[in-house]
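Numbering starts at 1 and runs along the sequence shown. Indexing begins at 1, ligand by ligand and atom by atom, following the structure's order.
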Amino acid sequence: MTNTSQPTALELFDISDKHLRARASLKWSNVDPDVLPAWVAEMDVHLAPAITEALQSALARHDAGYPGSAEGLITAFSDFARQYWNWSVEPEHVSVHVDAATIASKLMRHYAGADGRVMIMPPVYNRFYDWLSGSGVEPVEVPLTDLSNGGFFDFDGIEAGLKAGTRVILLCNPHNPLGRVFSEQELSQLAELADQYDAVVLSDEIHAPLVHPGVEYAHWLTVSDAARKTGIALHTATKSWNFAGLKCGIAVRSATGPWPHELDPKSTLTDSGFWGILAAEAAFGRSRDWLDTVRDHFAAQSQRLTALLAEHVPGVTFHPPQASFLAWLDFSETALTEEPSTYFLREARVALNPGTAFGAVGASCARLNMGTSAERLERIVTAMGTAWPPR
Ligand SMILES: Cc1ncc(COP(=O)(O)O)c(C=O)c1O
């Protein structure tokens, strides 16, 4: 890769199958050698130079102890929020933790109360189910509606859940797996409801840096006074800059928002991953050109995927995402009767995530990871086409 300030997508995603198969992280190491992996949300990308420099410099110092401070990261995140999103975040409203899962689990335990229930809106990020069961809380599922048009809140269902006593909503925006970005108006209506029933909204916004160009995005804490009063936002750089294994999560509240003692920055710093903090500071602070290229690439991948599916897997329903690199494929209108990921793994040697991992509503669906080169995306969908129509 050349060391210009604005890398091209061709350069960033130019990694051979051979090199990717040598990676020990989950996506490529957990499939057979003849399988093309398009499952877990890792990208086939070179890390941003500022991140590798930060890690190499720590390695050169043999510097791998507990984190000494998160101040650099908090400043980098606040600056990024202001400059990139026009969102003003006070550093004292930010706290750093080991990952998003830990933040959400602590908050769910704290706020779910004696009835121990948390509302989720499937299909939704598969690990939410693990987070809930690991926190000892029961899911109250209020599925999104009209999925073929992107997915919308079921406000009647949400109100019924709140009326029945649920006090925590775990929101995913931008949404994984649908790639949906909820409008300010939809979020504001949700905030009014949450406020009316005295509920807390945990807004998982970790895909926000990858909102596609031209799409308006509203952070929960910018939506309204009701949203600020009810919400805590979850952020990470790990997903958008592709270093999930390094671990670092960020919680943000507003001046009036809740902040339980479990998230008190004074007592959680040494729980965090030191190298995750270094990488996240380099990401938010010094890796914006890289991010712009990757974001543009994913918007283009989404268009490519639309055309490739029409050519090779006609009949599948795909609503292009507004953010990130995940695609939700719905086979319910096709002749495929088998669980889609099992079928494509066996017949096409392509690994997808099964739709049921994201909730029972995903039974005839699969999630495809577009976080790769244009050339490999074409190979993935062409391979799926060799098994289409279903045998
Ligand atoms: C919506 C969402 N939240 C949280 C996570 C987990 O992020 P991390 O492992 O970096 O904490 C993911 C990972 O894909 C995700 O998609």
Which of the numbered atoms in ligand 1 are below 4.0 angstrom from a heavy atom of His207? 1 (C), 15 (C), 16 (O)
Regarding atom 14 (O) of ligand 1: of the candidates Arg127, His97, Lys239, which has the closest heavy atom? Lys239
Shortest non-hydrogen pair, Leu36 vs Arg379, comes out as CD2-NH1, 3.8 Å
To the nearest 0.1 Å, how far is atom 6 (C) of ligand 1 from its closest protein heavy atom, and which atom is that? Tyr125 OH, 3.3 Å
Location of contacts on Ala100 toward ligand 1, heavy atoms closer than 4.0 Å: both
Check against side-chain contact (heavy atoms from CB on, under 4.5 Å), Leu26 and Trp39: CA-CA 10 Å; Leu26 186 58; Trp39 63 302; 3.7 Å; yes
Could you check whether atom CG of Asn86 has more than 12 heavy atoms from other residues, nucleotides or ligands sitting under 6.0 Å from it? no
Provide, to 0.1 Å, the distance between atom 9 (O) of ligand 1 and the closest protein heavy atom, together with that atom's residue and name. Lys247 NZ, 3.9 Å
Take a 6.0 Å sphere around CD of Gln196 and say whether it holds more than 12 heavy atoms from other residues, nucleotides or ligands. yes
Counting from 1 in the order shown, the ligand 1 atoms closer than 4.0 Å to a non-hydrogen atom of Asp99 are 11 (O)
Mind checking the OG1-CG spacing from Thr230 to Asp198? Nearest 0.5 Å is all I need. 10.0 Å
Give the atoms of ligand 1, by number and element, whose distance to some non-hydrogen atom of Cys172 is under 4.0 Å. 1 (C)
Give yes or no for whether the N/O distance cutoff of 3.5 Å, strictly under, is met between Ile206 and ligand 1. no
Less than 4.0 Å is my threshold; does some heavy atom of His175 fall inside it relative to ligand 1? no
Nearest heavy atom to atom 2 (C) of ligand 1: which of Asp204, Leu170, Asn176 does it belong to? Asp204
Considering only the protein, which heavy-atom contact is closest to atom 10 (O) of ligand 1, and what is its distance? Thr238 OG1, 2.5 Å
What about Trp328 and His319, are their ring centers closer than 6.0 Å? no
Heavy-atom gap Trp131 to ligand 1 smaller than 4.0 Å: yes
CZ-OG distance between Arg346 and Ser341, expressed to the nearest 0.5 angstrom: 11.0 Å
Is the closest heavy atom of Gly249 to ligand 1 under 4.0 Å? no
Take Leu170 and Leu132, measure what side-chain contact (heavy atoms from CB on, under 4.5 Å) needs, and give me the verdict at the end. CA-CA 10 Å; Leu170 182 54; Leu132 264 65; 3.9 Å; yes
Salt bridge or not between Arg376 and Asp14? Use side-chain N to carboxylate O under 4.0 Å. no
